[in-house]
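Notes to accompany the following structure.
Note that the structure is predicted; figures quoted are calculated from it, not measured. Chain letters run A, B, ... following the sequence lines, proteins first, then strands; residues in each count from 1.
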Amino acid sequence: MAIYKEEAIVLSNEKLSEGVYSIVLKTKDIAKEAIAGQFISVYCNDSSRILPRPISLCEIDKKENTIRVVFRTVGKGTNEFAKYEPNTKVTVLGPLGNGYDLSKQYDNVLVIGGGIGIPPMLQLAKNIQGKKQIVVGYRSKNDMFLYEELQKEAEVFVATDDGSYQTNGTVIDAIKENKLKADAVMACGPMPMLKALKEYCQKNEMDCFISLEERMACGIGACLGCVTKTKKKDHHSKVHNARICTEGPVFDAREVEI
Amino acid sequence: MAIYKEEAIVLSNEKLSEGVYSIVLKTKDIAKEAIAGQFISVYCNDSSRILPRPISLCEIDKKENTIRVVFRTVGKGTNEFAKYEPNTKVTVLGPLGNGYDLSKQYDNVLVIGGGIGIPPMLQLAKNIQGKKQIVVGYRSKNDMFLYEELQKEAEVFVATDDGSYQTNGTVIDAIKENKLKADAVMACGPMPMLKALKEYCQKNEMDCFISLEERMACGIGACLGCVTKTKKKDHHSKVHNARICTEGPVFDAREVEI
Amino acid sequence: MNTCVNFCGINFKNPVITASGTFGSGQEYSQFVDLNRLGGVVTKGVANLPWKGNPTPRVAEVYGGMLNAVGLQNPGIDTFCKRDIPFLQNYDTNIIVNVCGHTTEEYLEVVERLASENVDMLEINISCPNVKEGGIAFGQDPKAVFDITQQIKKIAKQPIIMKLSPNVTDIKEMAKAAEAGGADAVSLINTITGMKIDINRRSFVLANKTGGMSGPAIHPVAVRMVYETASAVNIPIIGMGGIVNYEDAIEMILAGASLVSVGTANFMDPQSTIKIVEGIEDYMRRYNVSDIKELVGAVHER
Amino acid sequence: MNTCVNFCGINFKNPVITASGTFGSGQEYSQFVDLNRLGGVVTKGVANLPWKGNPTPRVAEVYGGMLNAVGLQNPGIDTFCKRDIPFLQNYDTNIIVNVCGHTTEEYLEVVERLASENVDMLEINISCPNVKEGGIAFGQDPKAVFDITQQIKKIAKQPIIMKLSPNVTDIKEMAKAAEAGGADAVSLINTITGMKIDINRRSFVLANKTGGMSGPAIHPVAVRMVYETASAVNIPIIGMGGIVNYEDAIEMILAGASLVSVGTANFMDPQSTIKIVEGIEDYMRRYNVSDIKELVGAVHER
Ligand SMILES: Cc1cc2nc3c(=O)[nH]c(=O)nc-3n(C[C@H](O)[C@H](O)[C@H](O)COP(=O)(O)OP(=O)(O)OC[C@H]3O[C@@H](n4cnc5c(N)ncnc54)[C@H](O)[C@@H]3O)c2cc1C
Ligand SMILES: Cc1cc2nc3c(=O)[nH]c(=O)nc-3n(C[C@H](O)[C@H](O)[C@H](O)COP(=O)(O)OP(=O)(O)OC[C@H]3O[C@@H](n4cnc5c(N)ncnc54)[C@H](O)[C@@H]3O)c2cc1C
Ligand SMILES: Cc1cc2nc3c(=O)[nH]c(=O)nc-3n(C[C@H](O)[C@H](O)[C@H](O)COP(=O)(O)O)c2cc1C
Ligand SMILES: Cc1cc2nc3c(=O)[nH]c(=O)nc-3n(C[C@H](O)[C@H](O)[C@H](O)COP(=O)(O)O)c2cc1C
Ligand code: FES
Ligand code: FES
């Protein structure tokens, strides 16, 4: 799968909720090649920040050749991005990583996102052909970015940290409360959520695919900055250390030691 | 004299000739206080470049509260400035330095600028009340930025390095060729020109005020980065090292050892 | 909320002080910041006699930082005592005089002269990379650090801070030598020696060839060295090197610094020091830190 | 116009090579750059056995640079010989293998194993700040540098380059020790030890606490050290540290480097290496430099 370095153009930048922004980028080749669960590395225009920021693809429009990213402002890079006006040029590398493997057919898939792990679930939900349900965890009712858009793809169950909307608690609580059944989970979100899902799926004998995060430098597998412990010796590292940017970010939960 | 740190706003940015740009900035207080021969320190918006760039005031409009700077792109900072669009915000410090002292009346003043030392001469020419003539040195005919504007202030004599316009040679050659006489010279330009002028004025018993350049860090007299050797022990350094940013940039040529 | 720091028995209203050589004696920056709001002002290095410093160019910008080779130009202790100390005494802030010399005797002469002056502390610069004799030569060998510290300590009337150079294999050794010599505190880091070459002229950008690097680019090295030093000595530490905002200052404090010096940041924004004071206060409020002491050296593993 | 460099008897088509650990074994970046256009590829450090490296986070960004504490994760010499060398042999470029170890014996084992392999040079990493044993411990003491150089030289079949640490008081001493031990060349600088603290969690950003700093922020220190080293030894130098464009590369060459390694720049722009090759060519044309040799160490006073 080819990786492109491109100068993408900001088509729009919209604030979705407090600190959460949505940028649509016009690309040359990236949109054509990308699949759900992959990410791009976004370079900052300010040159004191030298490393690109990994951001998941939230939507991929192959006709318009655009991609959409949704991100939370947490530091200098994302705060820079949040200020981009339409027509700003942004250097990006992508598509990166493996993405979700949709070749296996499941009876029902739970598409699960937590917090800023929700964005990639939108494109994923669009691409899953079979039966699916969506479970998302937000901080609170007024933080529910992308909710309406997800609802267009499937039934959506919500958990909120403060109980201000639907289930009070985690996505696991929402699954239990709504008695959701499925044979596979595809998820992205904070580590505690992924750990809980891994355990839940193991107990309930469900397949579980999770997207991991780690600090990255190269984004393409050369620096060994972004590894995660794996059960098996992987072909590349020989030391149970798979590269999240290359062998991941999506892993079969059974294969990683998180 | 007060110094202000302001967020100025780019009103216009115009290319005058190859690599020479003219930016007009809306200021809050700087224009009100500034006099000819002073400069501002312009901070880069890119944060990998930490030091401000000293740039002379080319025009000061006290009614509109604007200042104009004209600069040549020579490195990263000036190349950044050249790209500024109207409405760009720029942090500036100023007005800095002493400026030309116009309290003494002369019968005739030669206002002399060489290359990128020409811009401050425009405001200076405007401010000199008595008789004056302007002598400027350009690289060549197609590099004659600000020429028409200077002509509005006084008669202008031109020297070009390649002889493509008027006198072939230096501003000294132009003075000699045109047999210009005056009792004072006020000048800004490259060091060889200033040295030649110092010598010429000494021989011809003319007062000579020259604006010097040196690499700066603070721009306000604190770092001792920008000194020039002086004949007398100055009150501040006690070691014949005047600060160009504070005691200068304009010096009586007799007082500096260049 | 208490931002006061008791440093070697002297009370600082907050941990923010200036870095020697970047703030003159406060006069120039007093147009931009109220000196009364700073914990202290550290003056430009002063010697027994006037020094003319190095030829120009003395400063150059580098990626995320700058080089300087000012070479400790200063008007000498006499002018300093007549002009700079009285100016600073107009303010309610601590006065720390940075002392330099070519030889031990020259350092001692300045320290002696300052004994009767109304200054709060002395910072002894044994780490200037820009002078041929003295300066850094004293700061790269633990034996030399020990000796000069001991000699100065014998005659100093004010608490002394030994200012250490980062251009060493092991900063801990130097700090320990200063402590053993009787230093009341150490400050670090001075600049890291660097060089810039003009590729068009194929010549050195600085007349001195090399210069001391400062600014945000050196911050991670400074944090590491302050952390290492804190683990090696029991005397308190002034941390500096690339502090440009309150985040950097807090980082330095968490690494083990009781006070922080702000240097090159003044050139980047003349109001940096005050913004850092305010940022630290906000941080303490946000995290309910009732006494800044709680933050000193408080970094821990994940 | 000749951009070829004869380095220890080996011909490099141009002076641009990669920096160990930033370019894998070339495979990943071969999507962005034609490896045939590089003077050489320096591989990630390889040990006698697989190393699993440090826990994550292993990398962090800092102002104008980055910290890494990868800890020399590598698949071991066997996999390396089977997979990485054959891959690189598909290209018309020099292969320089970076060698690491915890003990002298481990270094020797790798060097011995490589004797029969088709690689052009060995770069011996005695300057990694991110491993507990070995690495930098060998590179901060001239006696240790001399010893390990001598032992490796005895058995090495390829020319050896000793890679030096900048975390020392005097780089000249280390370079001289390497030369005395028989090194064919030295390369410098490895990373400068730094630290980053997360002020919100009050914890170290890197699991390893400290990391090696690289990128444009360290360039002036690297230029200075290459210049100092060039004045101290007669063996040729590979210069590196913060080279991100052709200007930086020319600066390093003028300071005294015969070859230049490009590291962190690859992360900033995967096409950096090629752009630097092209920039050097343009520079030579612009200034009528007929042989790149003319530029090596050609910096002079104003
Ligand atoms: C595969 C992948 C996909 C991601 N997708 C998204 C997404 O769709 N939306 C979103 O908001 N965030 C996403 N993140 C997290 C995002 O990369 C970080 O929030 C972002 O890099 C922070 O940059 P900053 O400059 O604002 O923060 P700073 O803290 O200033 O960044 C400093 C450095 O740390 C790195 N860093 C900081 N936090 C993280 C983090 N959590 N993960 C990785 N690197 C980090 C930065 O990239 C940068 O190099 C993703 C991370 C990964 C690894
Ligand atoms: C008092 C004064 C007034 C000036 N007025 C003008 C003017 O009106 N128009 C104009 O075009 N130029 C003027 N200059 C020169 C101008 O400051 C430099 O051309 C500019 O700083 C170059 O910045 P750069 O980032 O493009 O170059 P770089 O070479 O990338 O700059 C790197 C560093 O070197 C400094 N530097 C580089 N060249 C000079 C220089 N010649 N003088 C001082 N510092 C330098 C920069 O400020 C910066 O800190 C003036 C200089 C001084 C001291
Ligand atoms: C222009 C300049 C002049 C300096 N002069 C001195 C000095 O006289 N004495 C001294 O001990 N340190 C001097 N320093 C070092 C600073 O005090 C400080 O240690 C160093 O710059 C690192 O801090 P910073 O990155 O915040 O500037 C000077 C630094 C600069 C940039
Ligand atoms: C992620 C990373 C991994 C590195 N791994 C190695 C290594 O395995 N062996 C080695 O000798 N140097 C290693 N280095 C150091 C680089 O080769 C180089 O010396 C240093 O980064 C300075 O150059 P730069 O600023 O161009 O990156 C590594 C550097 C980085 C950033
Ligand atoms: S980020 Fe470099 S290997 Fe993954
Ligand atoms: S630039 Fe600092 S004293 Fe002039």
Practice task
Look at A:I3, A:V239, A:L93, A:I50 and state which one has the largest set of heavy-atom pairs under 4.5 Å with chain D.
Solution key: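 Heavy-atom pair counts peak at A:I50.
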Spacing of [X] atom [atom1] and [Y] atom [atom2] [to the nearest 0.5 Å]:
{"X": "D:E28", "Y": "A:C223", "atom1": "CD", "atom2": "SG", "result": "9.5 Å"}
{"X": "A:I220", "Y": "D:Q27", "atom1": "CD1", "atom2": "CD", "result": "11.0 Å"}
{"X": "D:K52", "Y": "A:K229", "atom1": "NZ", "atom2": "NZ", "result": "6.0 Å"}

Flag, side chain of [X] to backbone of [Y], donor-acceptor distance under 3.5 Å:
{"X": "A:R49", "Y": "D:Y63", "result": "no"}
{"X": "D:R83", "Y": "A:H236", "result": "yes"}
{"X": "D:E61", "Y": "A:L51", "result": "yes"}

Exercise for the section: Work out which heavy atom in D:F32 is nearest to a heavy atom in A:Y4; give both atom names and the distance. Expected result: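 In terms of heavy atoms, the two residues are closest at CE2-C, 4.4 Å.
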Practice task
Looking only at non-hydrogen atoms, find the nearest pair between A:A217 and D:M66 and report the distance.
Solution key: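 Scanning both residues, the minimum pair turns out to be CB-CE, 3.9 Å.
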Which answer fits [X], side chain, backbone, both or neither, if we ask what part of it has an atom under 4.5 Å from a heavy atom of chain A?
{"X": "D:V205", "result": "side chain"}
{"X": "D:D269", "result": "both"}
{"X": "D:Q271", "result": "side chain"}
{"X": "D:Q73", "result": "both"}
{"X": "D:T264", "result": "side chain"}
{"X": "D:T22", "result": "backbone"}
{"X": "D:P55", "result": "neither"}

Got more than 12 heavy atoms from elsewhere within 6.0 Å of [atom1], [X]?
{"X": "A:E199", "atom1": "CD", "value": "no"}
{"X": "A:K62", "atom1": "NZ", "value": "yes"}
{"X": "A:K5", "atom1": "NZ", "value": "yes"}
{"X": "A:K233", "atom1": "NZ", "value": "no"}
{"X": "D:Q31", "atom1": "CD", "value": "yes"}
{"X": "A:E85", "atom1": "CD", "value": "no"}

Exercise for the section: Considering only heavy atoms and a distance below 4.5 Å, find which of D:G65, D:A60, D:A217 pairs most often with chain A. Expected result: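 Most heavy-atom pairs within the cutoff with chain A belong to D:G65.
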Practice task
State plainly whether the residues D:D78 and A:K238 are in salt-bridge range, i.e. N to O under 4.0 Å.
Solution key: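 Here D:D78 does not pair with A:K238 in a salt bridge, since their nearest N and O are not under 4.0 Å apart.
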Exercise for the section: Identify which one of D:N54, D:V70, D:T56 satisfies the side chain to side chain contact (heavy atoms under 4.5 Å, CB included) criterion when paired with A:V227. Expected result: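 Output: one option passes, namely D:T56.
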Handout entry: Residue pair A:C218 / D:F23, side-chain heavy-atom distance below 4.5 Å
Key =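 Of all side-chain heavy-atom pairs linking D:F23 with A:C218, none is under 4.5 Å.
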